[in-house]
Structures are given as structure tokens and as C-alpha cells.
Amino acid sequence: MLENFDFQVVIDAIPFLWEGLKLTFLLTFLAIAGGLILGVLLALARLSHIKPLSFLAASYVNFFRSMPLILVIFWFYFLVPYIVGRPVGGFYSVLVAFTLFEAAYYCEIMRAGIQSVRKGQAQAGQALGLTYKQNMQYVVLPQAFRNMTPILLTQAVILFQDTSLVYVVGLHDFLVNAEIIASRDNRLIELFSTVAVVYFVLCLSFSLSIRTLQRKFSV
Amino acid sequence: MIEMKNVSKWYGDFHVLNNCSTVVEKGEVVVVCGPSGSGKSTLIKCVNGLEPFQEGTVTFDGISVGESKTNLTKLRSRIGMVFQNFELFPHISVIKNIRLAQEKVLGRSEEEAKKRGMELLERVGLAEQALKYPGQLSGGQQQRVAIARGLAMDPDAMLFDEPTSALDPEMINEVLDVMVELAQEGMTMMVVTHEMGFAKKVANRVIFMDEGRIEEDCSKDAFFGDTRGERAQLFLSKILNH
């Protein structure tokens, strides 16, 4: 069955595919970092006693969670240069789109995480004279992160897969580079199979390590 | 040192504190008791502003707790508090639990904070547990660490919110011993507890609460004598008879 499968095509394509994979990794990493920071701030805003602030944060989350990601990517591709006043290139507009989109999901995860920390913990911090910021930084958020680590990582796997959507704005990520070679050499089966295997192995091994982590934390 | 005047608090329609007034002088040990839901914990949490109240005034060393211009975090650092469920921070070691606020609030150096922390751990008999995590200690040990954490701030007063209620019976005494010692050294203390043995031993005064009111506020001798009111009689007979 595999006698027509040309492994040489795949081997020759490795450097080019690696270039694409690097972009995929970079985008995933930056979007996680940005989304996480913004997500934590949004979660704090959502839990704030200042009504307008929590309303704004809730609206933000509901807005982005009601939008298809692909639309957000498209939209920011046209919107960001419009706001900045000059072309910024696909990468930055996509990064902004992913960060803002992921932040909505990270916000909800971190909100649950903060709420999972017993109220008495924050009270103990307050009673010691810690300010709100110190209390969050040293007492509440570290515990919230720890409780939410498995879900945060699962979300990271989803984001890693979602970055393949950047093909719509012509960025050369892993999948797009594979497709370029597939079309050029007319070797669709070989290239797309390779892409599938790589995604599968990366995501599965990441998920497995999450499960190991989970077991460790649940003790 | 602590003065409460006509303090009232509502949760919706529920009157948690009803016109409560009392004074705790410097060096005094005051035990607050009463049936559950009577507002004892809420009362002492008003002292360091953990519970806001709607009416009345609370002052600590002349500083009004309820006023918005008061620097509450600074005030709180002068009042130690020990909770029913210990509330040690589970993600950091025992010594770091004690160091954290010393460094972040009082601005002590790591070395100073560690030295003070070890002194206090020594004092509560847990110096060798300094590097362990709270989850590795027994309840009694955790509560002694919590007391050390409060004392590390060199507070002017200590509040105890049912410090022994979550403990197994055999661990209650190790915590009470530390508290008795503290009382005998002249620490100003407000203690919510059902441990009447502790009250008899070191309290200067006993406050008895019921349904959000301070029903009795008298000297220890008066409280354990026969001058107390009917409700306090009933309460005492319930908790002393088993």
C-alpha cells in the first residue's frame, strides 16, 4: 500500500517545514504569554467590586467568545493596520488577534482559579497587612495558577492547533509550508500525512505530560 | 486600645451585629463566647476591618477603622490574627509563610525576617519544621505556625478566631499553651473560643454574645460566678456539661 509513498519528498522538505514550525511555535508561545497576562488582568477586573470594571471585562469575554476565531483573525488583519496607520504585516496582526482572543478564555480559566482559592487565604493576607496587589501576587494567584495548570495547558494545546488558521492571511506556518511543497511536487498524501503525524505526536505528548502533572498536583 | 461603640452590621435583612460596644485595654485578655451564629467572629473581624460594618465606630489605638481615609493595610499589620482554619499559605514553606509579610509589609530584609521567624518557631516548638510545607504538618502544628506568623509582625494586639475549633482534641492543648504564655506576657488579646478552661486561666474579661448582641461583658470572676444572666447560664451549662 505504501509503495507509492515517497519518503524522499518528506525528507527534502524538512528544512522548509521546520521554518514553518518555528513560526507556529513562536506564535503559540507569544500568544500564550500575552493572552495569559491579559487574561489574568481581565479575571481580576471581572471579580472586581467596581461594577463598571467587571461589566467591561465580562462584555469583553462574552464578545470574543461569541466570535469565530477565523473571523477575528481576518478582522484584525484589516483593522490593525487601519488603527496603526501603516501596514504591520500579517504576523503582528495575527499575534494581536490571537492574544486578544485567547485572553477571553484565559480570563475565564483564571477567574475559576481565583475563586478556587479559599476566601480565608485572601483574608489571612489582608490581616497581615498585605496590599491588594501583594495579596494577589504572593498569595492568591500562585495558588490559582497551581489549581488551574492542567486546564491552562490544555488551552495551550488548543491554541497550538488553532494557529494553523493563519493560512487565511498568508502567513507561512507549518501547515502552509507543507501545503506549498505538496502542491509544488504534487505530493499531497506524503506532506499532509507528515503534518498530521507531527501535530498528533506533539499534541499527544504534551497532553500526556499534562496528565502526569495533574497526577502530581492532585496528591 | 480597642474601642467599639454602637457597632451594627447587616447582611441584607439579617442583623449580624446589634449595637455592640466594648473596650479592650492594653494588656487585657478578653474572651468572646456565645452560640454559633451569634456574631462573635464578625465582631472581632470588625477590629481589623476584615468585616465592614454599617453603623458605629471601631477605633484601634485611636485610629478609626471604618473611615475611608484610614490606611487599613498599615493598621492591620499592627494587629495579628489567627483563624479557625489556620490559613497558612500552602504553596510556600513554613518559614516563608512567616517571612512574607515581614518583608513585604514591614520592609525587613530577608535575613532579619528569617531570624525573627526562627526565633518565633523556636518559641512555639517548631524550629525543625521551618522548611516543610504547611500540608506536611498536623493541625496543631499549623496553628502554632499561624500564631508565629502573626507574632512575627510584632503586633500591638492579637485576634484569635476560634483557634482550636478545627483541631483534634489531643492537639488543642499545644495551641492553648502557646496562647496562655502569650497572655501571661501581657499581649492584648481578643479571643473567640469555647475553651472555658482558657478563659478561666488567663482572661481578664468575658464577653458573651447572642443573636448579634453583647449580652454580658464582665470580669471573668463575675462571669463564672453566679451574677451572669439567664442566657449565659444556659450557654455555659451546655458547653460545660459534656
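Small disclaimer: the values here were computed from a predicted structure and weren't measured.
- Residue-environment remark: CD (Glu185(B)) exceeds the threshold of 12 foreign heavy atoms within 6.0 Å.
- The minimum heavy-atom distance between Leu130(A) and Ala101(B), with the atom names listed, is CD2-CA, 4.3 Å.
- Using a distance-only test at 3.5 Å, with no hydrogens or angles considered, no donor-acceptor pair links the side chain of Gln143(A) to the main chain of Pro90(B).
- Remark: Tyr138(A) OH to Glu103(B) CD distance equals 9.0 Å, nearest 0.5 Å.
- The backbone N or O of Val140(A) sits nowhere less than 3.5 Å from a side-chain atom of His91(B) that would complete a donor-acceptor pair.
- Chain A forms more heavy-atom pairs under 4.5 Å with one residue of Arg149(B), Glu87(B), Lys74(B) than with any other, namely Glu87(B).
- Heavy atoms of other residues, nucleotides or ligands lying less than 6.0 angstrom from CD1 of Ile11(A) number more than 12.
- Contact residues of residues 107-123 of chain A toward chain B are Arg118(A), Gly120(A), Gln121(A), Gln123(A) (heavy-atom distance under 4.5 Å).
- The two residues Leu100(B) and Val139(A) make their nearest non-hydrogen contact at CD2-CG2, 4.0 Å.
- A 4.5 Å side-chain heavy-atom check between Asn48(B) and Gln126(A) finds every atom pair outside the cut-off.
- Closest non-hydrogen pair, Phe89(B) versus Ala124(A), comes out as CE2-CB, 4.0 Å.
- Interatomic distance, Leu128(A) CG to Ile79(B) CD1, rounded to the nearest 0.5 Å: 12.0 Å.
- Shown here is Lys22(A), whose NZ atom has more than 12 heavy atoms of other residues, nucleotides or ligands within 6.0 Å.
- The environment of Tyr167(A) atom OH is sparse: at most 12 non-hydrogen atoms of other residues, nucleotides or ligands sit within 6.0 angstrom.
- Rounded to the nearest 0.5 angstrom, Arg76(B) CZ and Thr131(A) OG1 are separated by 11.0 Å.
- Annotation for Trp75(A): atom CH2 does not count as buried by contact number, only 12 or fewer foreign heavy atoms lying within 6.0 Å.
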